[in-house]
Amino acid sequence: MNWKRILTISLLTLSLAACEADQTSPKKEPSVIYEVNEQMMAKLESGVVEEAPILESNQEKVKFLWASDGDTAVFERIGKSKGSIGEQIKVRFLLIDSAEMKDKKTGKPQPFAEAAKARTTELLQSANEIIIETDEGDHYDKYQRLLAYIFVDGVSVQEILLKEGLAKVAYVFPPNIRYLDQFKEAEKIAINEGVGLWK
């Protein structure tokens, strides 16, 4: 039995378990988790090797190293278009805010901080390809973190976190608003489903 088949069976089992839980529990579970996993599985099972996308001048391919929290991660540059190959860059995800891993008053993780960090780590570790994309405005914040949108296999990490209620739309500073409308719509899904930060 190959790894694709094992992964397919595992995802189907998770999906069925979620459906059963939905029928017995009044709480709604975010459907996006299963949609994203199904998209990734469809690509794997098709056996069709997709051509590498042509990157825009504001995009670069990177390798995930670790996540500091749900909205900040460290990557390694692997493309030739920007910086030095092998250079580590800390990236703050544009237009979202997740709970802090260390609350200023208590020193402990805020509610949903660990869940957001774990989900970000899961998405980035399991991706075949990670592309970061800058916007038209400032490229760095006051902490010298690169401000960017993050895509895993063509899917927006920010949008996933928003749909699952693990982040909120925040830090809106034009002209860095390329995906603002899309992100607001994703946030509405979490609000309507009452998940994560919106419980």
Side-chain angles (χ1 to χ4, degrees), residues 2-15 18 29-83 85-96 98 115-135 146-167 169 178-183 185-187 189-190 195-196:
N2 64 27
W3 67 271
K4 288 183 185 177
R5 184 166 288 175
I6 292 169
L7 189 57
T8 303
I9 292 168
S10 299
L11 287 172
L12 288 173
T13 304
L14 282 173
S15 297
E29 292 295 326
S31 57
V32 69
I33 297 171
Y34 307 108
E35 290 171 15
V36 170
N37 287 340
E38 285 172 4
Q39 288 171 8
M40 290 180 177
M41 280 308 303
K43 286 180 181 179
L44 284 173
E45 289 179 340
S46 70
V48 176
V49 178
E50 295 182 358
E51 288 184 25
I54 297 171
L55 299 180
E56 300 292 331
S57 61
N58 63 338
Q59 297 176 326
E60 68 176 298
K61 205 181 284 193
V62 293
K63 177 184 172 186
F64 173 64
L65 297 178
W66 70 85
S68 304
D69 55 29
D71 57 34
T72 307
V74 177
F75 299 92
E76 180 182 320
R77 285 194 151 115
I78 59 174
K80 295 179 181 177
S81 60
K82 311 240 186 218
I85 294 176
E87 176 189 359
Q88 289 185 8
I89 47 171
K90 193 167 199 175
V91 179
R92 177 65 170 78
F93 302 1
L94 274 169
L95 297 179
I96 68 165
S98 66
K117 180 181 177 180
R119 185 64 170 136
T120 294
T121 299
E122 176 191 14
L123 289 166
L124 294 169
Q125 277 182 340
S126 62
N128 292 316
E129 180 179 69
I130 303 168
I131 292 175
I132 60 174
E133 177 183 320
T134 55
D135 210 329
L146 181 67
L147 301 170
Y149 304 106
I150 317 298
F151 295 91
V152 290
D153 301 324
V155 181
S156 166
V157 170
Q158 280 105 315
E159 195 169 346
I160 293 169
L161 294 173
L162 289 165
K163 282 182 181 177
E164 294 178 9
L166 297 174
V169 172
R178 182 175 298 135
Y179 300 107
L180 180 59
D181 292 341
Q182 189 175 320
F183 288 177
E185 288 301 313
E187 184 180 58
I189 292 170
V195 294

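Looking at Glu76 and Gln88, their side chains never bring a donor and an acceptor atom within 3.5 Å of each other.
Atom-to-atom distance recorded for Leu94:CG and Ser156:OG is 10.5 Å, nearest 0.5 angstrom. To the nearest 0.5 Å, the span separating CD on Glu87 from CD1 on Ile78 amounts to 13.5 Å. Rounding to the nearest 0.5 Å gives a distance of 4.5 Å between CG of Asn128 and CG of Asp153. Residue Thr120 holds its OG1 atom at 5.0 Å from CZ of Phe93, rounded to the nearest 0.5 Å. Distance CD1/Ile132 to CZ/Phe64: 13.0 Å, rounded to 0.5 Å. A distance of 7.0 Å separates CD of Glu60 from CG of Leu146, quoted to the nearest 0.5 Å.
Here the closest heavy-atom approach between residue Ala67 and residue Thr121 is recorded as CB-OG1, 3.5 Å. Listed here is the closest heavy atom pair of Leu161 and Gly70: CD1-O, 3.3 Å. Pairing each heavy atom of Lys90 with each of Thr72, the nearest pair is CE-CG2, 3.7 Å.
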>> side chain to side chain contact (heavy atoms under 4.5 Å, CB included), that's the test. Do Thr134 and Leu147 meet it? Break it down for me.
In response: CA-CA 6 Å; Thr134 55; Leu147 301 170; over 6 Å; no

>> Using the rule given for side chain to side chain contact (heavy atoms under 4.5 Å, CB included), can you reason through Leu166 versus Val195, listing the C-alpha separation, both sets of side-chain angles and the distance that settles it, and then say yes or no?
In response: CA-CA 8 Å; Leu166 297 174; Val195 294; over 6 Å; no

>> Let's go through Leu162 and Val169 carefully: what are the C-alpha distance in whole Å and the side-chain angles of both, what is the deciding distance for side chain to side chain contact (heavy atoms under 4.5 Å, CB included) to 0.1 Å, and is it a yes or a no?
In response: CA-CA 7 Å; Leu162 289 165; Val169 172; 4.0 Å; yes

>> Evaluate Ile89 against Val91 for side chain to side chain contact (heavy atoms under 4.5 Å, CB included), listing each step before the verdict.
In response: CA-CA 6 Å; Ile89 47 171; Val91 179; 4.2 Å; yes

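When side chains are defined from C-beta on, Glu133 does not count as touching Glu56, because their heavy atoms never get closer than 4.5 Å. With a 4.5 Å cut-off on side-chain heavy atoms, Asp135 and Arg178 count as touching. For the pair Ile130 and Phe75, the minimum side-chain heavy-atom distance is below 4.5 Å.
In summary, Asp69 and Lys117 do not engage in a salt bridge, as defined by a charged side-chain N under 4.0 Å from a carboxylate O. Salt bridge absent: Glu187 and Lys163 never bring a charged side-chain N and a carboxylate O closer than 4.0 Å.
Judged purely by atom type and a 3.5 angstrom limit, Gln158 uses its side chain to pair as donor or acceptor with the backbone of Ala148. In this structure, Ser98 contributes its side chain and Asp71 its backbone to a donor-acceptor pair below 3.5 Å.
Taking the six-membered ring for Trp and the full ring otherwise, Tyr149 and Tyr179 have centroids separated by under 6.0 Å.
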